[in-house]
Protein chains: 2
Amino acid sequence: MVGAAVTRRDIPAATVSRLPVYLRALQDCARRGVTRVSSEELAARAGVRPTQLRKDLSHLGSHGVRGVGYDVARLIAELSSALGLHHAWPVAVVGMGNLGRALAAYSGFATEGFHVVALFDRDPEVVGEIIGGHAVLPMSELVPAATRLGIAIGVIATPAGSAQDVADALVSAGVRAILNFAPAALSLPEGVTSRSVDLATELHVLAFMRQPERVGTDVGRAG
Amino acid sequence: MVGAAVTRRDIPAATVSRLPVYLRALQDCARRGVTRVSSEELAARAGVRPTQLRKDLSHLGSHGVRGVGYDVARLIAELSSALGLHHAWPVAVVGMGNLGRALAAYSGFATEGFHVVALFDRDPEVVGEIIGGHAVLPMSELVPAATRLGIAIGVIATPAGSAQDVADALVSAGVRAILNFAPAALSLPEGVTSRSVDLATELHVLAFMRQPERVGTDVGRAG
DNA sequence: GAATGTGAACTCCTTCACAGCA
DNA sequence: TGCTGTGAAGGAGTTCACATTC
């Protein structure tokens, strides 16, 4: 039919990218024993404006109480459900360089609803090595292993030159979501989502902003 | 008082964040011996639309030739200049966990106009260790060393709990640009810029998009 | 009284359509 | 003819103002 790939339930992309931040702020509240929180306080913790937060949450439905605030536990459940964190998603990391190793060993993923279950590398010297509790597999195993394990998200931590090949392999293994750390644009088929994290780009942008700007009076807002 | 927060020369923030991508695509062309490139081809390499690219470049002035395309070498010079990459910016990395170590050893920075010149960690066991050619310094050295070295950009790779303290220390050492990998919102004084890279958030967003979308009756609208 | 939820205004970004120039 | 540069239109996201509910 007509429709195009639409993010679930018409939630704006910009909102989706902030929901995880809210969720973490809420989990922080819960850990500290706080059971109720106002949009003002939660927004401050998340680094956004209260109206932004309320508008974002309104896309999920009304879950606050006027004159009172939000129930922390309930909102956590609501956000987790919206983000699809009922269970831990299996993740594969490809490329065991400095960054790949760090990601493979990063414990934060586990606590956030993700599970690194497979590691891959091209270098025969690295294959077989145990990193973060998993043996590194050769690239030839990528498609069969990723398929067998039902990998939901593939993380590309290879040099730029190999990124597209790895992406293609992941796609043919049924992976429909890719997190790309290689400084290269990926071309992917319809239905496969990717996000890119580019360290050098981030530094470039900061370098730009740090320049002896000046033109008129300026008032900046850090974000 | 007219001015609103102005990044240099009125270049839109969205454009600035794409300039590094164009720059890299151009450097790739240069390396392959290509001397002239059309907006169509360059845009494809950068993963954007040709009109987007042309509009972005128009903010820097007209540097293309109608009917022909862009001179690769000249555009590289133009972009490098706009991004302030005349010299290598000194960078400090704070927090020598898995990620911090990977960043400290990441050779990509050097080739992109940045130089990691100082490393810090709280753990006495780690202090003194040599990583990527630099001895890790104790936190007590952060302010004096960062000041002395004229650090331009500080990278925070500590756990969330320490991020704000580190940010405050960096600021008091004169650092005005911060790249934050800790999952926490920083509150910074006027004039200090920060960007956050949050690995778990990226995965969350992907998990959301990967969900068996669709709930009620679909929708139209391309996305 | 206090704080949420939301239409409407506003600002920012992207895309279109085409003018301008080699 | 071919491809860039750009005003104008269109869309997306944010902020405002205030009605709404406890």
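Atom set for the values below is all heavy atoms of this structure, side chains included, hydrogens, waters and symmetry mates excluded. Lettering of chains follows the sequences in order, A, B, ..., and the numbering in each one begins at 1.
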Quiz item: Which pairs with one or both residues in residues 84-94 of chain A pass salt bridge (charged side-chain N to carboxylate O under 4.0 Å, His left out), sequence neighbours excluded?
Solution: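 Qualifying pairs: none.
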With a cut-off of 3.5 Å and sequence neighbours excluded, list every side-chain donor-acceptor pair involving residues 71-78 of chain B.
| unit_1 | atom_1 | unit_2 | atom_2 | d |
| --- | --- | --- | --- | --- |
| B/Asp71 | OD1 | B/Ala73 | N | 3.3 |
| B/Asp71 | OD1 | B/Arg74 | N | 2.8 |
| B/Arg74 | NH2 | B/His63 | ND1 | 3.3 |

Quiz item: Please give, in whole Å, the distance from C/dT4 P to A/Leu60 CG?
Solution: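 So the two atoms are 15 Å apart, to the nearest Å.
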Quiz prompt | Rounded interatomic separation in angstrom, taking CD from A/Glu78 and C1' from C/dG5 | solution =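 The answer, rounded to whole Å, is 15 Å.
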Quiz item: What is the per-nucleotide protein-contact pattern of nucleotides 9-20 of chain C, from the 5' end, where B denotes a base atom under 4.0 Å from a protein heavy atom, S denotes such proximity for sugar-phosphate atoms only, and - denotes neither?
Solution: ----SSB---BB
Quiz item: Listed in order of residue number, which residues of residues 31-47 of chain B have a non-hydrogen atom at under 4.0 Å from DNA chain D?
Solution: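 The answer is B/Ser38, B/Ser39.
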Quiz item: With A/Tyr106, which residues qualify under ring pair (Phe, Tyr, Trp, His ring centres under 6.0 Å), at least two apart?
Solution: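 Ring pair (Phe, Tyr, Trp, His ring centres under 6.0 Å) check on A/Tyr106 returns A/Phe109.
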Self-check item: Atom-to-atom span, CG of B/Leu53 to P of D/dT6 - whole angstrom
Solution: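 After rounding, the reported distance stands at 14 Å.
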Practice problem: Just grab all the side chain to side chain donor-acceptor pair (under 3.5 Å) pairs involving residues 25-34 of chain A, residues at least two apart or on different chains. | Solution: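 Listed once each, the pairs are A/Asp28-A/Arg31.
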Quiz item: Under 4.0 Å: is that the gap between some side-chain N or O of A/Tyr70 and OP1 or OP2 of C/dG5?
Solution: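 So the side chain of A/Tyr70 is within the cut-off, an N or O lying under 4.0 Å from OP1 or OP2 of C/dG5.
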Exercise. Apply side-chain hydrogen bond (donor to acceptor under 3.5 Å, both in side chains) to A/Thr15 and list each qualifying residue two or more places apart in sequence or on a separate chain.
Key: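 Scan of A/Thr15 (side-chain hydrogen bond (donor to acceptor under 3.5 Å, both in side chains), adjacent residues dropped) gives A/Asp56.
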Exercise. Any pair with a residue in residues 150-169 of chain B that passes side chain to side chain donor-acceptor pair (under 3.5 Å), sequence neighbours left out, goes on the list, sorted by first then second residue, please.
Key: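 Sorted pair list: B/Gln164-B/Asp168.
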Quiz item: Side chains of A/Cys29 and A/Arg45: does their closest heavy-atom pair fall under 4.5 Å?
Solution: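 They are in contact (side-chain heavy atoms under 4.5 Å apart), so the answer is yes.
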Exercise. Just jot down the ring pair (Phe, Tyr, Trp, His ring centres under 6.0 Å) partners of A/His87, sequence neighbours excluded, or say none.
Key: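 Only A/Trp89 meet the ring pair (Phe, Tyr, Trp, His ring centres under 6.0 Å) criterion with A/His87.
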Practice problem: Could you check how far CG of B/Asp71 sits from P of D/dT4, rounded to whole Å? | Solution: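 The distance from CG of B/Asp71 to P of D/dT4 comes to 13 Å, rounded to the nearest Å.
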Quiz item: How close or far is atom P of D/dG5 from atom CG of B/Leu57, stated in whole angstroms?
Solution: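 Rounded to whole Å, this separation is 7 Å.
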